[in-house]
Peer 1: 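This structure is in structure tokens; I'll ask about it shortly.
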Protein chains: 2
Amino acid sequence: MIQNLNKHERESLHEALAKSGQKITPQREIVYTVLLAQRDHPTVDEVYHRALETMPGLSLATVYNCLETFVGCGLVRQVNHERESTRYCPNLAPHAHFRDESTGRVHDIELPKEILEQLTKILPADFETETIEISFQGRTKSSTQN
Amino acid sequence: MIQNLNKHERESLHEALAKSGQKITPQREIVYTVLLAQRDHPTVDEVYHRALETMPGLSLATVYNCLETFVGCGLVRQVNHERESTRYCPNLAPHAHFRDESTGRVHDIELPKEILEQLTKILPADFETETIEISFQGRTKSSTQN
DNA sequence: TAGTCGTTTAGAATGATTCAAAATCTCAAT
DNA sequence: ATTGAGATTTTGAATCATTCTAAACGACTA
């Protein structure tokens with residue numbers, strides 16, 4: 001059902017973990033695989049249930065741990081909307097998020113780097129940015145459920 | 001300690017409530033007053049404790065209710081960062097937020113409307129935006145605690 | 001084979017927020 | 001002024017995502 005990681009993906013994972021001095025474990029591989037398999041910004045719980053199919057007995061706490069690890073080593077981004085459960089996104093290119101209020105789905109929106117540059121310019125001189133998050137909220141008209 | 005609302009502020013409040021068919025109550029006036037008195041993006045709990053000084057006996061649930069009401073009628077904006085407690089902001093002009101990681105403080109950043117316009121342009125044609133949130137995360141260099 | 005250290009696990013704990021039900025208040029109409 | 005209907009407030013319990021704790025496990029090294 002869920003494809004294994006390909007060579008390149010496995011390498012990213014191993015490299016990122018190694019770089020921050022952490023180990024490769026079956027749990028981490030599966031959680032990462034689940035994230036790549038369906039890039040729909042799943043919640044922890046969704047990741048957990050998808051991963052259970054491959055590894056019954058996996059615990060929810062481990063999924064929390066794995067995802068936290070990935071965020072820590074820059075493999076994955078967190079996506080928050082209001083106070084809803086945190087969602088996870090393996091897209092590392094700079095992008096914004098659009099949350100469709102009618103479906104609850106989150107879509108990635110490509111973010112031209114000029115806009116990012118302009119944004120950093122509106123900050124006072126002594127403000128140093130580490131992260132910029134841009135999120136849209138609204139509805140899609142046609143809703144061809146893309 | 002906390003100034004009363006001035007004529008204009010009181011009007012905004014009454015008008016906004018009236019427009020959405022809701023009543024004016026002492027609790028709502030005080031909560032709104034607290035928000036205007038110190039525009040430092042307080043959490044519900046902070047608003048609650050500040051308001052208690054003027055109205056002992058006020059309940060936390062009421063503060064939740066009032067703030068929800070204000071958000072509902074567009075008087076106040078919510079500000080979320082990661083999974084921290086929601087903060088509240090009575091600044092209605094379009095602006096972004098900068099969260100200083102070293103102090104935890106949130107600063108308003110004026111947002112030129114050209115940028116907002118550009119942002120809406122990066123969306124696919126059938127995406128209709130209702131809200132755009134932009135938040136920076138980082139540190140201030142000088143930290144003259146402005 | 002034993003020791004070390006990071007990881008996983010289950011379940012308890014936390015903390016922000018929401019809910020439920022009863023008491024109270026506001027305001028328009030009398 | 002008084003009343004009544006409906007909105008609001010209050011208290012305390014409930015919920016839910018997330019974090020914590022402590023024990024078990026595993027991989028690797030001495």
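Just so you know, these numbers come straight off a predicted model, no measurement behind them.
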Peer 1: Counting just side-chain N and O atoms, does B:Arg28 come under 4.0 Å of either OP1 or OP2 of D:dT8?
Peer 2: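 Yes.
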Peer 1: Students often get this wrong, so: under 4.0 angstrom with heavy atoms, is A:Thr43 touching a base, only sugar-phosphate, or nothing?
Peer 2: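 Counting heavy atoms under 4.0 Å across all strands, no contact is made by A:Thr43.
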Peer 1: Whole Å only: how far is the CZ atom of B:Arg83 from the P atom of D:dC16?
Peer 2: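 One finds 13 Å between P of D:dC16 and CZ of B:Arg83, rounded.
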Peer 1: How would you label the contact of B:Ser59 with the nucleic acid (heavy atoms, under 4.0 Å): base, sugar-phosphate, or nothing?
Peer 2: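 Contact class for B:Ser59: base.
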Peer 1: With a cut-off of less than 4.0 Å, is there a side-chain N or O of B:Thr86 near OP1 or OP2 of C:dT17?
Peer 2: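 So the side-chain polar atoms of B:Thr86 do come within 4.0 Å of the phosphate oxygens OP1 or OP2 of C:dT17, strictly under.
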Peer 1: How close do B:Arg139 and B:Ser102 get, counting heavy atoms only, and between which atoms?
Peer 2: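 Between these two residues, the closest heavy atoms are NH1-CB, 3.2 Å.
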Peer 1: What is the distance, to the nearest angstrom, from the CD atom on A:Gln27 to the P atom on D:dG26?
Peer 2: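 Taking atom P of D:dG26 as the reference, CD of A:Gln27 is at 10 Å.
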Peer 1: From the options A:Glu82, A:His81, A:His107, A:Glu84, select the one residue that forms a side-chain hydrogen bond (donor to acceptor under 3.5 Å, both in side chains) with A:Arg99.
Peer 2: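 So, applying the side-chain hydrogen bond (donor to acceptor under 3.5 Å, both in side chains) to A:Arg99 and each of A:Glu82, A:His81, A:His107, A:Glu84, only A:Glu84 qualifies.
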Peer 1: Could you state the CE-P distance from B:Met55 to D:dT8, rounded to the nearest angstrom?
Peer 2: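 The answer, rounded to whole Å, is 15 Å.
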Peer 1: Measure CG/A:Leu67 against P/D:dA17 and give the value in whole Å, please.
Peer 2: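 Taking atom P of D:dA17 as the reference, CG of A:Leu67 is at 15 Å.
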Peer 1: Among C:dT9, D:dA7, C:dG6, which is the nearest nucleotide to the side chain of B:Lys23?
Peer 2: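 So the side chain of B:Lys23 is nearest to D:dA7.
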Peer 1: Could you measure the distance from the CZ atom of B:Arg28 to the CZ atom of B:Phe70? Nearest 0.5 Å is fine.
Peer 2: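 That separation rounds to 7.0 Å.
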Peer 1: Rounding to an integer number of Å, can you tell me how far B:Tyr64 OH sits from C:dC19 C1'?
Peer 2: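 For the pair B:Tyr64 OH and C:dC19 C1', the rounded distance is 13 Å.
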Peer 1: Look at all strands and tell whether B:Thr25 reaches a base, only sugar-phosphate, or nothing, counting heavy atoms closer than 4.0 Å.
Peer 2: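 Sugar-phosphate only.
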Peer 1: Classify the nucleic acid contact of A:Gln22 as base, sugar-phosphate or nothing, counting any heavy atom under 4.0 Å across all strands shown.
Peer 2: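 Since only primed, P, OP1 and OP2 atoms lie under 4.0 Å of A:Gln22, the category is sugar-phosphate.
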Peer 1: I want to verify a distance call: between C:dT17, D:dA17, D:dT9, whose nearest atom is closest to the B:Cys66 side chain?
Peer 2: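 Nearest to the side-chain atoms of B:Cys66, counting from C-beta on, is D:dT9.
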Peer 1: Whole Å only: how far is the CG atom of B:Asn65 from the P atom of C:dC25?
Peer 2: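 In whole Å, C:dC25 P lies 16 Å from B:Asn65 CG.
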Peer 1: Nearest of D:dA7, D:dA17, C:dC5 to any side-chain atom of A:Ser85?
Peer 2: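 When the side chain of A:Ser85 is considered, D:dA17 is the closest of D:dA7, D:dA17, C:dC5.
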Peer 1: Within this structure, what is the CG-to-P distance between A:Leu60 and D:dC16, rounded to whole angstrom?
Peer 2: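 Taking atom P of D:dC16 as the reference, CG of A:Leu60 is at 14 Å.
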Peer 1: Is B:Leu13 linked to B:Val31 within one hydrophobic cluster, defined over Ile, Leu, Val, Met, Phe, Trp and Tyr using a side-chain heavy-atom separation of less than 4.5 Å?
Peer 2: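 Yes, same cluster.
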Peer 1: Using whole Å, report how far OH of A:Tyr88 lies from P of D:dT18.
Peer 2: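 Rounded to whole Å, this separation is 6 Å.
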Peer 1: Would B:Leu92 end up clustered with B:Leu17 when hydrophobic side chains under 4.5 Å apart are linked, directly or stepwise?
Peer 2: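 No; B:Leu17 is not reachable from B:Leu92 via cluster members.
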Peer 1: Measuring to OP1 and OP2 of C:dT8, would you say a side-chain N or O of A:Thr62 lies under 4.0 angstrom away?
Peer 2: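 Answer is no, no contact under 4.0 Å.
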Peer 1: Using a 4.0 Å heavy-atom cut-off, does B:Gly21 contact any base of the nucleic acid, only the sugar-phosphate backbone, or nothing at all?
Peer 2: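 Here B:Gly21 touches no strand at all.
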